[in-house]
Structures are given as structure tokens and as C-alpha cells.
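Following: one structure in C-alpha cells, then a few remarks.
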Amino acid sequence: SGSTLRVARLLADPPAPPAPPVVGDPSATITSPASRSVKRKRLKRFAGTAGPAGNVAKVEVALQKIDKLEARGGTNIEEALRRALTAEVTAPALLPIVVFLTDGEPTVGDTNRPSLLAKAKEHNKQRMRLFVFGVGNSLDAKLLDQLAADNGGSRDYVREDEDIEVKTSALFTKLSH
């Protein structure tokens, strides 16, 4: 699941308006060669529904980067939120939205729930709407629910035994309306 988050972050660098920035935990990883293969297949399938032709090139770049990733472990929610919520809004006419992807509980950087919530509020001076998308079975749902609620967004989760494509499609449908 970590590789899915890493790939999503790579695809969003830089996001093309009107797509919202997609930010994942910067320490997200691929845990095995088998996982890498599965993630590559899912990304290729998703690329067929990802929209404009320009995304195909981004998918190819992301696939190349997937092949170079190494397992590191850890979930740095603090750093991901800081990067996302302090990013410059390049299209001021659009509603600033951040899609925050994570696969776990905070284990790197600040791991204290009240402190993370306060830092998110402090960093969100541009009043970006924060949509949380959690992947896996070891999430801090209370933290993620509160982040979404405090920042005008919503949250959704996909468990390891669920189809991630159905959930991501629902998320992007929600964001496009």
C-alpha cells in the first residue's frame, strides 16, 4: 500500500490545474518485489481512466521511479501535511484542495495526535480543503477523521481486502463535482 501512496505523490508533481495536489507520506515504501509488481499493474490499469493524455507520460515516469524505490518503513504524517498545506497555490481562481494519502499511523517525526492537529491548523493559512484517503488496516482513524473535519474536507478508507480502484474512483468523482 505504501507504493500506491508514493506513486500518487509522484503523479502529482506538479499537479496540473484543476487537479488537486495529491500528497502522500514521504516515507511511504514498497515492501517487496511482489508488491512492486502488483502496484505497477494497478497503476497501468488506473492510467487508462486517469484523464488527459498528459497523464500517460506522468504514469510512465512514475513506473520508472517505482522500479527504483527501496523499502524504508515509517509514516511521517507531520512532514506530508507541512509540505501540502504550505505549498503555493498556483491557480488562485480554483478552490485549493489537498488529497492526503497515508497507509498508517504516524511513526516518524511528530507522532502526537493533538500536536499534529494543531500543526495542520497552523500550516493551513490558505484554508485548503483536506481530503483524507487512508489505505490499509493500521490507520489512526481518529486522527485522520479529525484532520478532514478540521480542514473542510472528508475522509475515506480502503482496507487491504477491498478494491482500491472502486474507492479511488469514488474519491475523484466527489472531487470533480
Side-chain angles (χ1 to χ4, degrees), residues 1-30 39 43 46 50-51 55 58-59 61-62 65-66 69 72-136 138-158 164 167-168 170-177:
S1 64
S3 64
T4 303
L5 303 177
R6 182 73 166 230
V7 169
R9 193 177 80 217
L10 294 171
L11 290 174
D13 183 27
V22 179
V23 177
D25 149 32
S27 58
T29 61
I30 293 176
K39 302 312 179 199
L43 181 61
F46 177 73
N55 287 340
K58 289 181 181 181
V59 168
V61 169
K65 290 183 179 185
I66 285 173
L69 294 176
R72 292 188 321 226
T75 299
N76 192 340
I77 289 177
E78 173 191 18
E79 179 69 9
L81 290 174
R82 185 192 62 75
R83 286 183 186 186
L85 297 173
T86 61
E88 181 181 345
V89 176
T90 58
L94 300 175
L95 179 65
I97 293 174
V98 172
V99 177
F100 176 57
L101 306 164
T102 186
D103 67 343
E105 295 185 35
T107 59
V108 176
D110 191 343
T111 60
N112 179 274
R113 187 181 301 149
S115 176
L116 288 168
L117 292 168
K119 286 180 179 179
K121 184 176 184 176
E122 176 186 329
H123 291 312
N124 197 0
K125 290 180 172 68
Q126 300 174 87
R127 300 179 50 105
M128 295 183 180
R129 293 184 67 193
L130 182 65
F131 291 84
V132 175
F133 191 80
V135 179
S138 60
L139 300 166
D140 184 344
K142 288 182 181 180
L143 170 63
L144 300 177
D145 289 353
Q146 196 63 53
L147 282 168
D150 289 353
N151 293 281
S154 65
R155 63 20 166 213
D156 202 358
Y157 304 113
V158 60
I164 194 167
K167 295 281 189 151
T168 55
L171 172 66
F172 286 105
T173 297
K174 181 187 304 184
L175 293 174
S176 66
H177 291 96

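Just so it is clear, the structure is predicted and the values come from calculations on it, not from any experiment.
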Minimum heavy-atom distance between [X] and [Y], given as atom pair plus value:
X: G109; Y: N76; result: CA-OD1, 4.3 Å
X: Y157; Y: K167; result: O-NZ, 3.0 Å
X: R113; Y: D140; result: NH2-OD1, 3.1 Å

Using 0.5 Å steps for rounding, measure from the [atom1] atom of [X] to the [atom2] atom of [Y].
X: E78; Y: N112; atom1: CD; atom2: CG; answer: 10.5 Å
X: L143; Y: T111; atom1: CG; atom2: OG1; answer: 10.5 Å
X: H123; Y: M128; atom1: NE2; atom2: CE; answer: 12.0 Å
X: R155; Y: L171; atom1: CZ; atom2: CG; answer: 12.5 Å
X: R82; Y: L116; atom1: CZ; atom2: CG; answer: 13.5 Å
X: T86; Y: L81; atom1: OG1; atom2: CG; answer: 10.0 Å

Q146: side-chain contact (heavy atoms from CB on, under 4.5 Å) partners, not counting sequence neighbours: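 Result, side-chain contact (heavy atoms from CB on, under 4.5 Å) vs Q146: L117, A149, D150.
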Checklist entry - Excluding sequence neighbours, so at least two apart, what forms side-chain contact (heavy atoms from CB on, under 4.5 Å) with K125? => result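 Once residues adjacent in sequence are excluded, the partners of K125 under the side-chain contact (heavy atoms from CB on, under 4.5 Å) criterion are E122.
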- Query: Any donor-acceptor pair under 3.5 Å linking the side chain of T75 with the backbone of T107?
  - Reply: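 Not at all, since once roles are kept as given, no pair shorter than 3.5 Å links the two residues.
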Would you call R83 and E79 a salt bridge, using N to O less than 4.0 angstrom?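 Salt bridge flag = yes for E79 with R83.
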More than 12 heavy atoms of other residues, nucleotides or ligands under 6.0 Å from NZ of K174: is that the case?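 Yes - once you tally the heavy atoms of other residues, nucleotides and ligands closer than 6.0 Å, there are more than 12.
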So among L85, N151, I77, which one has a side chain to side chain contact (heavy atoms under 4.5 Å, CB included) with F100?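 Of L85, N151, I77, side chain to side chain contact (heavy atoms under 4.5 Å, CB included) with F100 is met by I77 alone.
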>> Checking I164 against V135 for the side-chain contact (heavy atoms from CB on, under 4.5 Å) test, could you report, in this order, the C-alpha distance in whole Å, the side-chain angles of both residues, the deciding distance, and whether it holds?
In response: CA-CA 8 Å; I164 194 167; V135 179; 4.1 Å; yes
Practice item. Indicate yes or no: at least one non-hydrogen side-chain atom of F131 is less than 4.5 angstrom from one of D156. Key: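 A side-chain contact is absent here, since even the closest heavy-atom pair is not under 4.5 Å.
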